[in-house]
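To start, the structure itself, in structure tokens.
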Amino acid sequence: MNPDEARVVESYGRRVVLSLPDGQRQPAEVFGKRLRVVCGDEVRVSRHAENSALQVLDVLPRKTHFTRTNSQGQAEVLAANITQLVVLMSDHPVSDPFIVDRYLAGAELGGIKTLLVATKQDLGQSEEFQAHILAYQQAGYEVCNVSARDQATLHTLRQALSNEVSMLVGESGVGKSTLTNALLGTNTQRIREISESTGEGRHTTVSSILFDLPEGNAALIDSPGVRDYAPAPVNDLQVSFGWREFARYTGQCKFNNCLHLREPGCAILAAVKTGEISQRRHESYKRLVNLMRQLLPSYERH
Ligand code: GDP
Ligand code: ZN
């Protein structure tokens, strides 16, 4: 990183917290009304000659961006430059697998690697939950079982996080903050204090925060709890790219513009019949196609 470059580790609109090349974290202000920065952005900064206040001048090109559809039906970037999306699911309370699927699809569409983490292993797993996990493994996803209460279960996860910029996502209550704290150990408190020094008051906690993990050159973005998630609006064909288990059937459908919904000679539907593709995952795909068909017209008008 050049001396005049920094990484955004928290973003509150015009006010941000930056991580500087020397590792220090410092509040800064975004210059101009049009510049939009998010957690994980790399930015160019300048320092005021007298009071040494930092100002963000420019955002460097993003390597990846993880997006969602916001409540206005518009695409919104949630984090920049993440290399891995870590999707948490739990059996206590039970996570909605349809939301998990949409997170996975959002990562596939953003060209971001994924890792599934089943949390609260110490509380046990129902047969239904284990069946969901198996379906994800069969679809080609790696699943890691952890308990935030037992450091020994975190070993594989720590390895998967090293040399990556990961973002933790999942429904609220799934265990994101507890797991982040378990991974950070004693560093957390110190970093949380800095985040409060932006002076924005209580609502500061709604931002994602980028933490540096104590070992393995790893960064972790802890995102605030969400009720739901849908990827940014895309067309029908693009939705199918969100289901990685469909890829091995490419070119095998009778029609080359097949959307795998109810077309004759569809290789995906045949694979659902034989159980090679999970019926529930395919149902989830159909739901996202329908959702995107509702979202796209108003999105394209903007
Ligand atoms: P978040 O909303 O995703 O950040 O979830 P939290 O981290 O706040 O966790 C929700 C609840 O689950 C809290 O009561 C935690 O104590 C509990 N919890 C989180 N991780 C574990 C775990 O590994 N084992 C057990 N038994 N409880 C956990
Ligand atoms: Zn098909």
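FYI, the numbering just counts along the sequence from 1. Ligands are counted one by one from 1 in listed order, and the atoms in each one are counted from 1 as well.
A 6.0 Å sphere centred on CD of E76 holds more than 12 heavy atoms belonging to other residues, nucleotides or ligands. Counting heavy atoms of neighbouring residues, nucleotides and ligands inside a 6.0 Å radius, atom CZ of F31 does not exceed 12 of them.
With a 4.0 Å heavy-atom cut-off, ligand 1 is reached by the backbone of T178 and by its side chain too. Proximity of D122 to ligand 1, defined as any heavy-atom pair under 4.0 Å, is confined to the side chain (atoms from C-beta onward).
The minimum heavy-atom distance linking S240 with Y285 is given by the pair CA-CE1, 3.5 Å. What you find for S46 and L57 is that their closest heavy atoms are CB-CD1, 3.7 Å. When every heavy atom of P233 is checked against every heavy atom of G73, the shortest pair comes out as CG-O, 3.9 Å.
Counting atoms of ligand 1 from 1 in the listed order, those under 4.0 Å from a heavy atom of S147 are 23 (O). Within ligand 1, the atoms closer than 4.0 Å to a non-hydrogen atom of L123 are 26 (N), numbered from 1 in the order shown.
For the pair L179 and ligand 1, the shortest N or O to N or O distance does not fall below 3.5 Å. In terms of polar-atom proximity, S172 is not counted as a contact of ligand 1, lacking any N or O under 3.5 Å from an N or O of the ligand. At least one N/O-N/O distance between K120 and ligand 1 falls below 3.5 Å. Any N or O atom pair closer than 3.5 Å counts here, and V146 shares no such pair with ligand 1.
For G170, the heavy-atom gap to ligand 1 stays at 4.0 angstrom or more.
Closest approach between the Zn ion (ligand 2) and any N/O/S atom of H260 involves ND1.
Under 4.0 Å is where a charged nitrogen must lie from a carboxylate oxygen, and between R244 and E108 at least one such pair does. The residues E164 and K113 are annotated as salt-bridged, a charged nitrogen and a carboxylate oxygen being separated by less than 4.0 angstrom.
Across the listed options A182, P93, S177, G124, S177 owns the non-hydrogen atom lying nearest to atom 8 (O) of ligand 1.
You'll find the side chain of V56 stays beyond 4.5 Å of the side chain of R44, heavy atoms only.
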